[in-house]
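Counting from 1, the numbers follow the sequence of the chain as shown.
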Amino acid sequence: MVLNTPEGLKPGISRARQLAESDDIASSLVVDSVLGFTTHKMAARFRPLKIDATVVKRALLRFLNDGDVDKAYDEIVFNAGDWGRCYFLNKSKNQIAAFKDHMLRYIGIFHRDAGFKIHKCNRYSGESNGAKVVSTGHWAKGDKLPNLCGCIAEMSEEEEKALLRAGENDFSIMFSTRKNLSQLWLGPAAYINHDCRPNCKFVSTGRDTACVKVLRDLEVGDEITCFYGEDFFGDDNCNCECVTCER
């Protein structure tokens, strides 16, 4: 299978690579600035951006109050550090637009009605500096959390070999049985942990986007979980460390 190159991407740069790069930077700017450590990244040698976390936090707090997402984007991307000067030099208009779209997904975590937060999580043996998603509101079965969203990019076998390293950055890969191929799944919802008895599930919101739908009522403080698949953690999830399996 050969992926089509979206208009505006340079030859040889697929949508999966573009998404991986955008997610590394967006999560570093937003999530890592708030949590104070570097969360999972797709790039093997990702170097944390040199930014002023105080500027980022101030922009997110202002967004929480006024809801002006474009203003928050400009403050975080252009005022928190100089990294963008080099990053945007060789990007097309479409690439910059795709990056902004992904950044807005992360900024959306701090929308006043988002209903969730990302917290530090150290309960899994194979992960250091992990994270989890926790409900900050009361959600009923059938509710959708539009800001707890992600973006999907199909991957060819060649891309899997080039981009993925087992146990390092394959944390966010889902296999589509309908399309018979792997899909890269990144964005705020990629911080949701697996549970064999999940309280939420992923639902499509477009051709390549999805959000979370509630399966059981959620209360403030409940961790939001989804089901990754029957064999994601070994055969029949024999190596699973979710709360349900531990119980």
Is a side-chain N or O of [X] found less than 3.5 angstrom from the main chain of [Y], in a donor-acceptor match?
X: Ser33; Y: Val30; answer: no
X: Asp24; Y: Ala43; answer: yes
X: Asn199; Y: Glu223; answer: yes
X: Arg112; Y: Asn65; answer: yes

Using the six-membered ring wherever Trp is involved, compare the ring planes of Phe99 and Phe88 and label them parallel, tilted or perpendicular (cut-offs 30° and 60°). perpendicular

Which of parallel (below 30°), tilted (30 to 60°) and perpendicular (above 60°) describes Tyr106 and His102?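 Taking His102 first and then Tyr106, their aromatic rings stand perpendicular (interplane angle over 60°).
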
Give, for atom [atom1] of [X] and atom [atom2] of [Y], the distance between the pair rounded to the nearest 0.5 Å.
X: Leu184; Y: Ile152; atom1: CG; atom2: CD1; value: 9.5 Å
X: Glu154; Y: Leu19; atom1: CD; atom2: CG; value: 12.5 Å
X: Trp83; Y: Leu29; atom1: CH2; atom2: CG; value: 5.0 Å
X: Arg105; Y: Ser22; atom1: CZ; atom2: OG; value: 9.0 Å

As a quick check of understanding, evaluate side-chain contact (heavy atoms from CB on, under 4.5 Å) for Cys149 and Thr205, giving each step before the final call. CA-CA 9 Å; Cys149 60; Thr205 55; 5.9 Å; no

Are [Y] and [X] linked, directly or through intermediate hydrophobic residues, by side-chain heavy-atom contacts shorter than 4.5 Å (ILVMFWY only)?
X: Met103; Y: Phe78; result: yes
X: Leu64; Y: Val77; result: no
X: Val134; Y: Phe202; result: no
X: Val34; Y: Ile118; result: yes
X: Leu104; Y: Ile51; result: yes

Could you report the tightest heavy-atom contact between [X] and [Y], atom names first, then the distance?
X: Cys196; Y: Cys245; value: SG-SG, 3.6 Å
X: Leu186; Y: Ala20; value: CD1-CA, 3.8 Å
X: Asp68; Y: Asp66; value: N-OD1, 2.8 Å
X: Cys200; Y: Ile224; value: SG-CG2, 3.7 Å
X: Gly150; Y: Ala189; value: N-CB, 4.2 Å
X: Gly108; Y: Asn147; value: O-ND2, 3.1 Å

Leu145 vs Lys213, side-chain contact (heavy atoms from CB on, under 4.5 Å): CA-CA, chis, key distance, verdict: CA-CA 6 Å; Leu145 283 68; Lys213 183 177 181 179; over 6 Å; no

Would a 4.5 Å heavy-atom cut-off, applied to side chains only, mark [X] and [Y] as touching?
X: Leu49; Y: Ile25; value: yes
X: His194; Y: Phe227; value: yes
X: Val55; Y: Ile76; value: no
X: Phe116; Y: Val212; value: no

Stepwise side chain to side chain donor-acceptor pair (under 3.5 Å) check, Ser28 with Lys41: CA-CA 9 Å; Ser28 180; Lys41 297 291 180 283; 5.4 Å; no

By side chain to side chain donor-acceptor pair (under 3.5 Å), which residues pair with Tyr228, not counting sequence neighbours?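 Result, side chain to side chain donor-acceptor pair (under 3.5 Å) vs Tyr228: none returned.
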
Has Lys71 got its NZ or CZ under 6.0 Å from the middle of the six-membered ring of Tyr73, at an angle within 45 degrees of the ring axis? no

Report, as yes or no, whether the 6.0 Å neighbourhood of atom CZ on Arg197 holds more than 12 heavy atoms from other residues, nucleotides or ligands. no

[X] bridged to [Y] by N-O distance under 4.0 Å:
X: Lys100; Y: Asp74; value: no
X: Arg15; Y: Asp208; value: yes
X: Glu75; Y: Arg62; value: yes
X: Lys91; Y: Glu21; value: yes

What pairs of residues pass the side-chain hydrogen bond (donor to acceptor under 3.5 Å, both in side chains) test when at least one of them lies in residues 134-145, not counting sequence neighbours?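 Listed by first then second residue: His138-Glu219.
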
If you link ILVMFWY side chains whenever their heavy atoms are less than 4.5 Å apart, which other residues fall into the same cluster as Val203? By chain and number, please. none

Against Val133, only a single residue in Asn193, Ile192, Thr225 fulfils side-chain contact (heavy atoms from CB on, under 4.5 Å); can you say which? Ile192

Please determine whether side-chain contact (heavy atoms from CB on, under 4.5 Å) holds for the pair Ser27 and Tyr191, giving the CA-CA distance in whole Å, both sets of side-chain angles, and the decisive distance to 0.1 Å. CA-CA 10 Å; Ser27 62; Tyr191 287 95; 3.4 Å; yes

Answer with yes or no whether the side chains of Thr39 and Asp32 bring together a donor and an acceptor at under 3.5 Å. yes

Apply side-chain contact (heavy atoms from CB on, under 4.5 Å) to the pair Ile109 and Lys117, showing each step before the final yes or no. CA-CA 7 Å; Ile109 296 171; Lys117 285 186 177 180; 5.8 Å; no

